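The structure presented is a predicted model; accordingly, all values stated were derived computationally and were not measured.
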Amino acid sequence: MAALHEKHLCSSNITISAVFFDLDNTLIETRKGDNQTCRKLAEELTQEYGIPEDVSIKITTTYLKLFRKCPDNVIHALDAWRITLWNKALGEKYAYLARKIYERWLYLRYYYLTLTSDVVSMLRQLRLKYLLGLITNGPSNAQWEKIRKLSLEQYFDIILVSGDLPWEKPEREIFRKACRFLNVKPDKCIMVGDKLETDIQGGIEAGLKGTIWIPISDKPPLLREDLQPDFTINHITDLLSILNRGPNAPELEDSSSNASDGS
């Protein structure tokens, strides 16, 4: 953890009322989970369907690129759109497997994205003391699928998906909407996220009391000219050690050059 501006969160006259979280690569390790899903699926394509190993890897890699480029489509239903992407990735020879492979991909995806027990424990602890919000950029259908399949609604007092709204992070209004809904002032809230340009910048511009950054593993160390979060942590559950600290606690070890286990 890095205590960059410790006074913001630890002053004795400051009370934090709400904690806002990003979803992807913050609360859940989406990039890592999707990579794990495709690696496992490539193995199954070879083992169960006799597709050569190099072809299986190319198929799943192609799908993941297509999916990340456009995870949703306004014309097609979510399932139909993803089956279309699998048709393209599988190519003419294996396109007949598209629906079956899609269904297996969907199962594996949420197997790997499931909240770990320590994250669930953290959210339950935080709800005893704070209001919790989830603020995520992305298309509505794709993001709400994650929220519902992972049963995230039980942990949050408000969930905002940019696809449902006229703004997205880093626009300050999406943060202000969360504050208004919870009836809290921005300077009583903190934002936790993995992206400097959306989560951290947005939290700063919205006037939140603090920002906490969880960089993915391939992110280089912060430069002086970069946006500066108040804290940098390696894993989402490190948040507890920040929020539970008293105003006279000793300085935290600076690990701003480290990163969470992402892909």
Side-chain angles (χ1 to χ4, degrees), residues 1-28 118-137 152 155-162 167-216 222 226-249 251-256 259-260:
M1 277 163 277
L4 302 178
H5 304 291
E6 186 174 338
K7 63 182 181 179
H8 287 327
L9 300 185
C10 297
S11 298
S12 58
N13 62 343
I14 292 174
T15 301
I16 300 299
S17 300
V19 181
F20 299 144
F21 290 89
D22 172 53
L23 176 56
D24 293 301
N25 303 306
T26 298
L27 196 62
I28 56 174
D118 58 342
V119 173
V120 170
S121 176
M122 178 199 71
L123 291 172
R124 287 175 174 164
Q125 288 181 61
L126 291 177
R127 282 210 87 182
L128 297 176
K129 190 174 181 180
Y130 307 100
L131 296 167
L132 300 186
L134 185 63
I135 306 176
T136 176
N137 284 355
L152 299 183
Y155 304 114
F156 294 96
D157 300 287
I158 184 172
I159 296 176
L160 296 179
V161 177
S162 69
W167 337 279
E168 63 179 18
K169 296 177 293 184
E171 293 178 83
R172 69 180 66 182
E173 190 57 33
I174 195 168
F175 299 93
R176 296 289 177 87
K177 180 177 177 66
C179 291
R180 289 194 298 270
F181 182 89
L182 297 178
N183 195 28
V184 295
K185 295 181 178 180
D187 65 1
K188 300 288 187 181
C189 306
I190 61 174
M191 178 67 199
V192 185
D194 72 295
K195 288 189 176 180
L196 291 174
E197 66 275 18
T198 55
D199 304 308
I200 305 308
Q201 180 179 333
I204 292 170
E205 293 185 357
L208 304 190
K209 178 50 62 182
T211 56
I212 299 174
W213 185 45
I214 312 175
I216 57 176
L222 284 176
D226 288 332
L227 285 164
Q228 298 295 321
D230 294 290
F231 291 86
T232 297
I233 59 178
N234 296 324
H235 188 267
I236 187 69
T237 54
D238 293 336
L239 176 62
L240 289 172
S241 63
I242 295 175
L243 294 175
N244 291 338
R245 301 178 75 237
N248 299 315
E251 188 80 4
L252 294 170
E253 180 182 357
D254 188 334
S255 61
S256 58
S260 61

| request: Measure from the side-chain N and O atoms of K209 to the backbone N and O of I16, and report whether any donor-acceptor pair falls under 3.5 Å. | output: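 Side chain of K209 to backbone of I16, a donor-acceptor pair under 3.5 Å: no, none is there.
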| query | Do the side chain of D157 and the main chain of L132 share a donor and acceptor less than 3.5 angstrom apart? | reply | yes
Between [X] and [Y], what is the shortest heavy-atom contact and its length?
X    : Y    : value
D230 : G210 : OD2-CA, 3.0 Å
I158 : A178 : CD1-CA, 3.8 Å
M191 : F21  : CE-C, 3.8 Å

| field | P186 side chain near F175 side chain, heavy-atom distance below 4.5 Å | value | no
| field | Note, R127 side chain near L123 side chain (heavy atom, < 4.5 Å) | value | no
| task | Output all residues satisfying side-chain hydrogen bond (donor to acceptor under 3.5 Å, both in side chains) with T26, sequence neighbours left out; order by chain, then residue number. | result | D22, D194
Under the side-chain contact (heavy atoms from CB on, under 4.5 Å) test, which residues partner [X], sequence neighbours left out?
X    : answer
S17  : V184, K188
I204 : I200, T211, L227
D118 : T116, H235, T237
K177 : L160, L165, W167, R180

| field | Residue list, salt bridge (Lys or Arg N to Asp or Glu O under 4.0 Å) with R176, at least two apart or on another chain | value | none
